[in-house]
Amino acid sequence: MEIITTTKIITMNKNQNEIKRIGWMHNDWIDINKIKVSVSDRGITLGDGIFETILILNGKPKLLKEHLDRWHASAELLNMNSPPNETSIRSLLNDGIRRANLSNQNGSIRLNWSRGTSSIRGINIAEDCSNNVFWIEINPGEPSFTPISVIYSKLEKRNPFSKLSYCKTFCYGQSILAREEARLAGYDDAILMNTNDKICCGTTANLIVKVENQIITPPLSSGCLPGIMRQQGINKGIIQEADIDLIPKSGEEWLLINSLGCQHIKQIDGQNLKIVSNPRKLWQTLLLEK
């Protein structure tokens, strides 16, 4: 897909140095709240779309190639048309970061790719359903390293056999319900098990466990999302795949990690856990692209 950049000037704020929340759609950067997607779009009506969330650190999109590779792999797995390529995306994002006044700041980018609209009603994918909808959201924000408490969700489980488990899709209902379950129980978040009652992942992050001098994470066969930071750790030889026991052992450190932060789990189902190491340091190590 070819992207045509625009030279229009955003006039959302009188202070041109003010950090902005902006979006891109139809070759234009606009106020993020003015992005409009048709109510007949399958991404809206059926959650039939994929996205990537990318960290902006000191004005630079981090691990962009890795995110775009996963984005394209997800589109292929779900039999969708291929999203925009790295060359067009990179120049567009650099322009957006500048316009949002985040050139020396931190934030996040969300790339959205919907299957589009269809000439027929229902869930069947029509042959003419090829008018994909693409939009970008850029927001200021800081990485999160705050310790959290979690429960094991008793209501929601990941399906390790579903293609959806391996893609970042618009369908986040399960994670929403699991986190709400945790909140109502007095906790910050939830850990999901799979349908085989194996530990899988958090609602929006991968689980990693420090056991003595080793860091382990559930295998992809558990149904966890192939997280970018998770894979960075595996590629660097820092993280290994292994099943994780349901009950934490003495001395273990449990953390949830994604592109926007790394958080210690201080308590799980009422059991207090060890907090010693610096999650920011590990997270920064995994961010290094070489």
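Counting begins at 1 with the first residue of the sequence. Values reported hereafter were calculated over all heavy atoms of this structure, with side chains retained and with hydrogens, waters and symmetry mates removed.
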Qualifying side chain to side chain donor-acceptor pair (under 3.5 Å) pairs, either residue in residues 254-265, two or more places apart: H67-S259, S144-Q263, E252-W254, E253-H264
Hydrophobic cluster (4.5 angstrom, side-chain heavy atoms) - remaining members for I123: L46
F134/W24 aromatic ring centres below 6.0 Å: yes
Side-chain donor/acceptor pairs under 3.5 Å, residues 205-214, sequence neighbours excluded:
residue, atom, partner, partner atom, Å
N206, OD1, G227, N, 3.4
N206, ND2, L225, O, 3.0
K210, NZ, S277, OG, 3.3

Residues in side chain to side chain donor-acceptor pair (under 3.5 Å) contact with E180, at least two apart in sequence or another chain: R183
Sequence-distant partners of R280, salt bridge (Lys or Arg N to Asp or Glu O under 4.0 Å), two or more places apart: none
Results of salt bridge (Lys or Arg N to Asp or Glu O under 4.0 Å) for E142 - residues two or more places apart only: none
Could you tabulate the donor-acceptor pairs under 3.5 Å formed by side-chain atoms of residues 55-62, not counting sequence neighbours?
none

Distance-only polar pair, side chains of N81 and W113, donor-acceptor under 3.5 Å: no
Partner set under salt bridge (Lys or Arg N to Asp or Glu O under 4.0 Å) for K65, not counting sequence neighbours: D69
Sub-6.0 Å ring centroid separation between W283 and F145: yes
Set of residues satisfying salt bridge (Lys or Arg N to Asp or Glu O under 4.0 Å) with respect to R158, sequence neighbours excluded: none
N/O donor to acceptor pairs below 3.5 angstrom from side-chain atoms of residues 185-201, sequence neighbours left out:
residue, atom, partner, partner atom, Å
Y187, OH, G270, N, 3.0
D188, OD2, S149, N, 2.8
D188, OD2, S149, OG, 3.2
D189, OD1, R179, NE, 3.3
D189, OD1, T203, OG1, 2.8
D189, OD2, R179, NH2, 2.9
D189, OD2, T203, OG1, 3.3
N194, OD1, N196, N, 2.8
N194, OD1, D197, N, 3.1
N194, OD1, K198, N, 2.9
N194, ND2, S222, O, 3.0
D197, OD1, K157, NZ, 2.4

With sequence neighbours excluded, residues passing side-chain contact (heavy atoms from CB on, under 4.5 Å) with S221: P219
side-chain contact (heavy atoms from CB on, under 4.5 Å) partners of R90, counting only residues at least two apart: L64, E86, N94
E52: which of R110, K168, R70 passes salt bridge (charged side-chain N to carboxylate O under 4.0 Å, His left out): R70
Test item: side-chain donor near acceptor, N132 and S114, under 3.5 Å: no
